Amino acid sequence: MKVETKLIHEGQHIDPSTGSVTAPIHLSTTFERQADGSYPLGYEYSRGGNPNRNALEANLAALEGGTDAMAFSSGSVAMMSVLQALKAGDHVIAPEEIYFGVRVMLQDIFAPWGLEASFVDMNDLGKVADAMQANTRLLIIESPSNPQLSVADLEGIAELAHKQGAYLICDNTIPTPILQRPIEWGVDLVVHATTKYIGGHSDVLGGALITSADTEFWQRIKHIQKIGGAVPSPFECWLTTRGLQTLSYRVKAMSAHALELAKFLETHPKIEQVLYPGLTSHPQHALAQKQMDAYGGLISILVKGGEEAAIGVAAKVKVFTRATSFGGTHSLIEHRASVEAEGSKTPRNLLRLSIGLEHLDDLKLDLEQALS
Ligand SMILES: *Cc1c(COP(=O)(O)O)cnc(C)c1O
């Protein structure tokens, strides 16, 4: 089955009791037990499982080519659950330019619990190899990264991780499984903020993990979720599943428009540099071509004249909206450095653009007037 068909059918079924084509939302927190004490339908209590959540998880596992998936109440708590499955004294390697929320998590929450972390330039395999320690249990990558859109060598880093007996997790939020499937390159776990492209309409927070195999580590993460309850509500799962159905068409249109806009911005005299993996000027363009089917809907631009000039450009947009997040139908623009945490590597003159589904001509005219 092709991906567009999977998005609509995988894990979904016509409701047998009513014939309803769109899934009903199952709000019940508890499910009936048979006289013999069994649960033949597989549901017991909604912290452990719910039909809307199962449908979403089955779809995500199929899209990423994994054996199982878990849906969470946010992208952040999906990553947090993976870190909670490690022990005090374990070592984690994370990208120097990691999504700032995960940096804060490692520094403020897990360091006091005894988890060691090194922040490494993931574009350099030599530096990744040098950062390995006897107690390294997990490597984290984000490719393309947020917000500098650098590209990591998934296959190369997976090999390094496995030589060490460590797991590799890849944040696939920006490309989505439409453009990149990390498990095909040897990655063990995939994490998503479904809040972004998968939900796709800026109206539902969520996260997900997908595994390439049923390991002891995976079972431990499942146990943590079941005991703690960082689960999305049935309605949030329903909204996310609704968003998934159009994911391929949205991501392809956004990618095509982003590439056009990146090329236009690259020639603009007010721009110092455009960071977009689809441009031949991008330092890892060849790697992006190998791993990705297209280059996604995010563009970062470095504006000439520093932070003040960048904020000035963002102040003038009319079609773009000044707001954080990305992946929705509305195009967004954001000065990243001013919202990130201590230790952020984001240049002060960087603006991140999330290309939505408005007409390309209107977006181009808006950027032209904002830069003029
Ligand atoms: C937004 C985001 C997250 C966090 O997801 P939330 O749903 O906001 O908790 C993690 N990683 C990346 C790359 C993100 O863009």
Side-chain angles (χ1 to χ4, degrees), residues 56 60 64 69-84 92 94-110 119 122 138-152 154 169-180 182 187 189-210 225 228 230-233 236-237 239-240 243-244 247 251 254 258 275 277 292 295-300 323-328 330 332-334 336-337 339-341 344-346 350 352-356:
L56 171 61
L60 291 172
E64 289 286 4
M70 254 185 268
F72 287 85
S73 48
S74 74
S76 300
V77 85
M79 181 58 91
M80 194 175 266
S81 304
V82 174
L83 297 173
Q84 284 175 330
V92 174
E96 210 167 46
E97 38 161 298
I98 193 169
Y99 169 71
F100 83 99
V102 179
R103 177 183 281 273
V104 171
M105 201 182 285
L106 285 165
Q107 289 173 344
D108 295 359
I109 299 174
F110 288 96
F119 296 94
M122 288 292 181
L138 182 75
L139 280 77
I140 303 173
I141 49 175
E142 218 182 278
S143 187
S145 66
N146 182 5
Q148 297 200 57
L149 303 173
S150 66
V151 176
L154 304 185
I169 183 165
C170 179
D171 190 324
N172 207 34
T173 299
I174 294 175
T176 83
I178 302 303
L179 306 183
Q180 174 174 280
V187 169
L189 293 165
V190 174
V191 59
H192 280 284
T194 58
T195 314
K196 312 293 170 52
Y197 289 103
I198 289 180
H201 298 75
S202 307
D203 55 13
V204 56
L205 196 74
L209 292 174
I210 298 99
Q225 189 192 43
V231 298
S233 72
E236 290 167 320
C237 294
L239 272 178
T240 306
L244 262 175
L247 181 68
V251 166
M254 288 166 173
L275 307 175
M292 302 178 73
Y295 307 99
L298 279 187
I299 308 169
S300 287
T324 195
S325 197
F326 58 87
H330 292 65
L332 306 179
I333 189 165
E334 186 181 31
R336 268 315 280 176
V339 301
E340 290 187 347
S344 150
K345 298 275 174 189
T346 300
L350 181 146
R352 189 184 70 193
L353 276 55
S354 171
I355 307 308

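Just follow the structure's listing: the first ligand is 1, and inside any ligand the first atom is 1. Worth saying up front: this structure is predicted, and the values here are computed from it rather than measured. Quick note: residue numbers are just sequence positions, from 1.
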Checklist entry - Where the closest heavy atom to atom 1 (C) of ligand 1 is concerned, which of H192, M79, K196 has it? => result K196
Counting each atom of ligand 1 from 1 as listed, which ones have a heavy atom of [X] under 4.0 Å away?
X: N146; answer: 15 (O)
X: F326; answer: 15 (O)
X: S74; answer: 7 (O), 9 (O)
X: G75; answer: 5 (O), 6 (P), 7 (O), 9 (O)

Note, [X] side chain near [Y] side chain (heavy atom, < 4.5 Å):
X: L350; Y: P147; answer: yes
X: L298; Y: L149; answer: yes
X: L106; Y: L83; answer: yes

Item to check | Residue pair L60 / I210: nearest heavy atoms and the distance that separates them | outcome: O-CG1, 4.0 Å
Checklist entry - Residues two or more places apart in sequence or in another chain: which of them pass side-chain contact (heavy atoms from CB on, under 4.5 Å) with E236? => result V204, P232, S233
Please write down residue, atom name and distance for the protein heavy atom closest to [atom].
atom: atom 12 (C) of ligand 1; answer: D171 OD2, 3.4 Å
atom: atom 7 (O) of ligand 1; answer: T195 OG1, 2.7 Å
atom: atom 5 (O) of ligand 1; answer: A193 CB, 3.2 Å
atom: atom 9 (O) of ligand 1; answer: S76 OG, 2.6 Å

Checklist entry - Looking at ligand 1, does any of its N/O atoms fall within less than 3.5 Å of an N/O of Y99? => result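 No, no N or O pair falls under 3.5 Å.
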Checklist entry - Going by heavy atoms, is G206 under 4.0 Å from ligand 1? => result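 It does, in that a heavy atom of G206 comes within the 4.0 Å cut-off of ligand 1.
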Next on the checklist: Between S145 and E97, does the side-chain hydrogen bond (donor to acceptor under 3.5 Å, both in side chains) criterion hold? Intermediate values first, please.
Outcome noted: CA-CA 7 Å; S145 66; E97 38 161 298; 2.6 Å; yes
Next on the checklist: Tell me whether the NZ or CZ atom of K196 lies within the 45° cone about the ring axis of Y99 and under 6.0 Å from its centre.
Outcome noted: yes
Next on the checklist: Going by the rule salt bridge (Lys or Arg N to Asp or Glu O under 4.0 Å), which residues pair with E334 if we only count those two or more places apart in sequence or in a different chain?
Outcome noted: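 In terms of salt bridge (Lys or Arg N to Asp or Glu O under 4.0 Å), with neighbours along the sequence ignored, E334 is linked to R336, R352.
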